[in-house]
Amino acid sequence: MLTLYHAPRSRSFRILWLLEELGVPYDTEMVSIRGHDSTGHMPADYIDIHPHRKVPALVHDGVPVFETPAIAVYLTDLFPQAGLGPVVGDPQRGPYLTWLAYSTGVFEPAMVERAFKTPHQAALGWGSADEVEEVLTRVLQARTYFLGDRFSAVDIVLGGSLQYMMRMKIVPESPVFNAYVERLGERPAMHRALQRDGDIEES
């Protein structure tokens, strides 16, 4: 059994979308991360599932997995027949893992810096927001998706983050980004996830 610990309108939406793309049965457990304190309203034992009481977290047959790229790799390895993650031995496996790591290790920190108007320090382990934008533009103007013509979980994890940052006006619109986000918006599974996300209300 797969159980996604999810908060509506949060970063865990990407895993909700991935589960819909995989087309496998799963349950959702609502976790509020918008409480008045650092923990919000959540089960007392949730710390045993996610040590920072964040989302997303996935529990598979009693075993927790957290951090979005880790969950994405876990699920696409668990259901290789869906074709959303290159398997070990596939030449695209390296780029797949690289872009998943890039999503939270480079893209998100750079955009948080921009959002909070924090000057970029070259000694940090990621590039500036402008540099990251240039990298993504160069990749996406040459390819349909991050792995070429092949839609993958990278387009959910990193593409979903780009989509969100554009909606929040942290990343400006551009012909390249607009066309890419439009392609993502054509995914039926994304619309199913949006409907399911809207059906879950915070307590």
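One-based numbering along the sequence shown. Predicted, not measured: the structure shown is a model, and the values here were computed from it.
Between the side chain of His52 and the main chain of Lys54, no donor-acceptor pair closer than 3.5 Å is present. In this structure, the side chain of His50 does not engage the main chain of Val65 through any donor-acceptor pair within 3.5 Å. Side chain of Asp27 to main chain of Thr3: no donor-acceptor pair is present (N/O by atom type, distance under 3.5 Å, no hydrogens or angles). Looking at Arg14, its side chain does come within 3.5 Å of a backbone N or O of Val157 through a donor-acceptor pair.
Between Ser103 and Pro69 the shortest heavy-atom distance is OG-CG, 4.0 Å. When every heavy atom of Ala72 is checked against every heavy atom of Ala153, the shortest pair comes out as CB-CB, 4.4 Å.
Taking the salt bridge (Lys or Arg N to Asp or Glu O under 4.0 Å) definition, one finds that Arg192 meets it with Glu20, sequence neighbours left out. Taking Asp130 as the reference, Arg114 meet the salt bridge (Lys or Arg N to Asp or Glu O under 4.0 Å) condition, with sequence neighbours excluded. For Leu124, the side-chain contact (heavy atoms from CB on, under 4.5 Å) test picks out Glu113, His120, Gln121, Trp126, with sequence neighbours left out. Every residue two or more places apart in sequence or in another chain was checked for a side chain to side chain donor-acceptor pair (under 3.5 Å) with Arg143, and none qualifies. Every residue two or more places apart in sequence or in another chain that forms a side-chain contact (heavy atoms from CB on, under 4.5 Å) with Gln92 is listed here: Pro86, Asp90, Pro95, Leu147, Arg150. Judged as a side chain to side chain donor-acceptor pair (under 3.5 Å), and not counting sequence neighbours, the contacts of Asp149 are Thr144. For Arg183, the side chain to side chain donor-acceptor pair (under 3.5 Å) criterion is met by no residue, not counting sequence neighbours. When the side-chain contact (heavy atoms from CB on, under 4.5 Å) test is applied to Pro64, the partners found at least two apart in sequence or on another chain are Ile49, Val59. Among residues two or more places apart in sequence or in another chain, the salt bridge (Lys or Arg N to Asp or Glu O under 4.0 Å) test is passed with Arg187 by Glu21. With sequence neighbours left out, Glu173 forms a side-chain contact (heavy atoms from CB on, under 4.5 Å) with Met166, Lys169, Asn178.
When the side chains of ILVMFWY residues are joined at heavy-atom separations under 4.5 Å, either directly or via intervening members, Val63 and Leu4 end up in two distinct hydrophobic clusters. Transitive grouping of hydrophobic side chains (ILVMFWY, heavy atoms separated by less than 4.5 Å) keeps Val106 and Val112 in distinct clusters. Val87 and Leu75 sit in two unconnected hydrophobic clusters of ILVMFWY residues. Membership requires side-chain heavy atoms under 4.5 Å apart, directly or through other members. Under the 4.5 Å side-chain heavy-atom criterion for Ile, Leu, Val, Met, Phe, Trp and Tyr, Phe66 and Leu78 are members of distinct hydrophobic clusters. In terms of hydrophobic clustering, with Ile, Leu, Val, Met, Phe, Trp and Tyr side chains grouped at heavy-atom distances under 4.5 Å, Met168 and Val132 are assigned to a common cluster.
Between the CD atom of Glu108 and the CG atom of Leu158 there is a distance of 8.5 Å, given to the nearest 0.5 Å. The CD1 atom of Ile15 sits 8.0 Å away from atom CD1 of Ile156, with the distance rounded to the nearest 0.5 Å. In this structure, Leu19 CG and Leu58 CG are separated by 6.5 Å, a value rounded to the nearest 0.5 Å. To the nearest 0.5 angstrom, Ile170 atom CD1 is 6.5 Å from Tyr164 atom OH. Separation of atoms CG (Leu16) and CD (Gln195) is listed at 11.0 Å; rounding is to 0.5 Å. Note that CG of Leu136 is 11.5 Å distant from CE of Met165, once rounded to the nearest 0.5 Å.
Legend: ring-ring contact (aromatic ring centres under 6.0 Å, His included) pairs involving residues 128-158, not counting sequence neighbours, sorted by first then second residue: Trp99-Phe146, Tyr145-Phe151, Phe146-Tyr180. Applying the salt bridge (Lys or Arg N to Asp or Glu O under 4.0 Å) test to residues at least two apart or on different chains, none of the pairs has a partner in residues 58-69.
For the pair Arg138 and Phe177, the cation-pi test (distance below 6.0 Å, angle within 45°) is failed.
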side-chain hydrogen bond (donor to acceptor under 3.5 Å, both in side chains) between Ser12 and His6, intermediate numbers included: CA-CA 6 Å; Ser12 62; His6 171 68; 2.6 Å; yes

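In summary, Arg53 and Asp48 do not engage in a salt bridge, as defined by a charged side-chain N under 4.0 Å from a carboxylate O.
Ring geometry for His60 versus Tyr74: interplanar angle over 60°, hence perpendicular rather than tilted (30 to 60°).
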